[in-house]
Every structure is written in C-alpha cells, then in structure tokens.
Amino acid sequence: QVQLVESGGGLVQAGGSLRLSCAASGRTLSMYIMGWFRQAPGKEREFVTAISRAGALTNYADSMKGRFTISRDNARNTVYLQMNSLKPDDTALYYCAADRSTRVGIPNREASYAYWGQGTQVTVSS
C-alpha cells in the first residue's frame, strides 16, 4: 500500500514551464514503476509518461517527447514531471500513479496502475 500526493500545478502562459512533484508515503517508492497521466475537461484520462523502478528506463507519449521529462528521487520517495514548452492543450488534471506488478516493460495503460494520487491542476493560457 502506498499513498501518493501530487503538487506543483498552477497557471502558466503558453511556452512556459512547470515542475510537478509526487510524494509517496507508506511504502518505499523504489518498489514501484511510476507514471503520470492527465485528464482534460470532457476527455478520458491519458498516459503522459512513466519511469522504471531504478529510473534507468522511461516511456513517453508521443506528444510529450522533447517537452516533458520524468525523473525520480527514490531516497526522497518523490517522482517529478518537468514540463517545458507548455501549450493550452496541456491543460488538465495531472495524476501520479504507481505500479507494483512484475510485468515486462513500462506500461502506458491506465488499468496497469493500481495506486493513484488525487491530481494537481495545470492550466496553460494562450
């Protein structure tokens, strides 16, 4: 069992940057593959990025490659999402998620992640 709390969301102009944080408690973060998802108004939740337990491997949605970077600091039980060159279409609730399964690879499906944070709002103005 792990509890996840996101922070760092806010309002930013197009082209700007934000860094989101996901703080974990209850279990050691290194036990989990960690992912970020987002949900925009009127749309389904979609995969953003994920990172392996040791941080050596990452997976990104195509639209986020080159703009977003996921990282983790297992000593601090924290995962980060650095977002650059933000666009109005990036406006969404951003969720942190954890996967403790032994599957091969880094999943990009919502159903693969068993534990979720409450979300943090990112709003990008034009």
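Predicted model, so just to flag it, every value in this text is computed and none were measured.
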Task: Gap separating the CZ atom of Arg72 from the SG atom of Cys22, nearest 0.5 angstrom - done: 9.5 Å

Open item on the list: Can you tell whether the side chains of Asp62 and Lys65 come within less than 4.0 Å, N to carboxylate O?
Closed with: yes

Open item on the list: To the nearest 0.5 Å, what is the distance between OG on Ser21 and CZ on Arg76?
Closed with: 10.5 Å

Open item on the list: Please enumerate all residues that pass side chain to side chain contact (heavy atoms under 4.5 Å, CB included) together with Ser85, with sequence neighbours excluded.
Closed with: Arg67

Task: Thr49 and Met64: CA distance, side-chain angles, deciding distance, side-chain contact (heavy atoms from CB on, under 4.5 Å) verdict - done: CA-CA 8 Å; Thr49 182; Met64 274 63 112; 6.0 Å; no

Open item on the list: Hydrophobic cluster membership, with links at side-chain heavy-atom distances under 4.5 Å among I/L/V/M/F/W/Y: are Tyr94 and Tyr32 in one?
Closed with: yes

Task: Residues that Arg100 engages under salt bridge (charged side-chain N to carboxylate O under 4.0 Å, His left out), provided they are two or more places apart - done: none

Task: For Ala40 against Thr91, the heavy-atom pair lying closest together - done: CB-O, 3.5 Å

Task: Qualifying residue for side chain to side chain contact (heavy atoms under 4.5 Å, CB included) with Leu18, from Thr120, Leu86, Thr123 - done: Leu86

TODO: Measure the shortest side-chain to side-chain distance between Gln13 and Val124 over non-hydrogen atoms and say whether it is less than 4.5 angstrom.
DONE: no

TODO: Compare every heavy atom of Ser30 with every heavy atom of Asn74, then report the nearest pair and how far apart it is.
DONE: ND2-CB, 3.6 Å

Task: Verdict with supporting geometry, Cys96 and Trp116, side-chain contact (heavy atoms from CB on, under 4.5 Å) - done: CA-CA 6 Å; Cys96 179; Trp116 295 80; over 6 Å; no

- [ ] State, yes or no, whether a side-chain contact exists between Met34 and Val79 at a heavy-atom distance under 4.5 Å.
- [x] yes

Open item on the list: Taking the six-membered ring of Tyr95 as reference, does the cationic atom of Arg45 (NZ for Lys, CZ for Arg) lie under 6.0 Å from its centre and within 45° of its axis?
Closed with: yes

Task: Donor-acceptor under 3.5 Å (Asn77 side chain, Leu29 main chain) - done: yes

TODO: Determine whether Met83 and Val122 make a side-chain contact, defined as any pair of heavy atoms from C-beta on separated by less than 4.5 Å.
DONE: yes

- [ ] Verify the cluster assignment for Val48 and Val5: are they in a single hydrophobic cluster under the rule of side-chain heavy atoms below 4.5 Å apart?
- [x] no

- [ ] Output the distance between atom CG (Asp90) and atom OG (Ser63), rounded to the nearest 0.5 Å.
- [x] 7.5 Å

Open item on the list: Has Arg19 got a side-chain atom pairing as donor or acceptor with Gln82's backbone, closer than 3.5 angstrom?
Closed with: no

Open item on the list: Show the nearest heavy-atom pair for residues Ala92 and Arg38, with the distance to one decimal.
Closed with: CB-CB, 3.9 Å

Task: Distance-minimising heavy-atom pair for Gly105 and Ile33 - done: O-CD1, 3.8 Å

TODO: Any pair with a residue in residues 46-80 that passes ring pair (Phe, Tyr, Trp, His ring centres under 6.0 Å), sequence neighbours left out, goes on the list, sorted by first then second residue, please.
DONE: Phe37-Phe47

Task: Cluster overlap Leu4 with Met31, hydrophobic side-chain contacts below 4.5 Å - done: yes

Open item on the list: For Ile106, is there any backbone N or O sitting under 3.5 Å from a side-chain donor or acceptor partner on Asp99?
Closed with: no

- [ ] List the atom of Pro107, the atom of Ala50, and the distance in Å for their closest heavy-atom pair.
- [x] O-CB, 4.2 Å

Task: Closest non-hydrogen atom pair between Leu20 and Gly9, with its separation - done: CD2-N, 3.6 Å

Open item on the list: Within the structure provided, determine whether Leu81 and Glu6 are in side-chain contact (heavy-atom separation under 4.5 Å).
Closed with: no

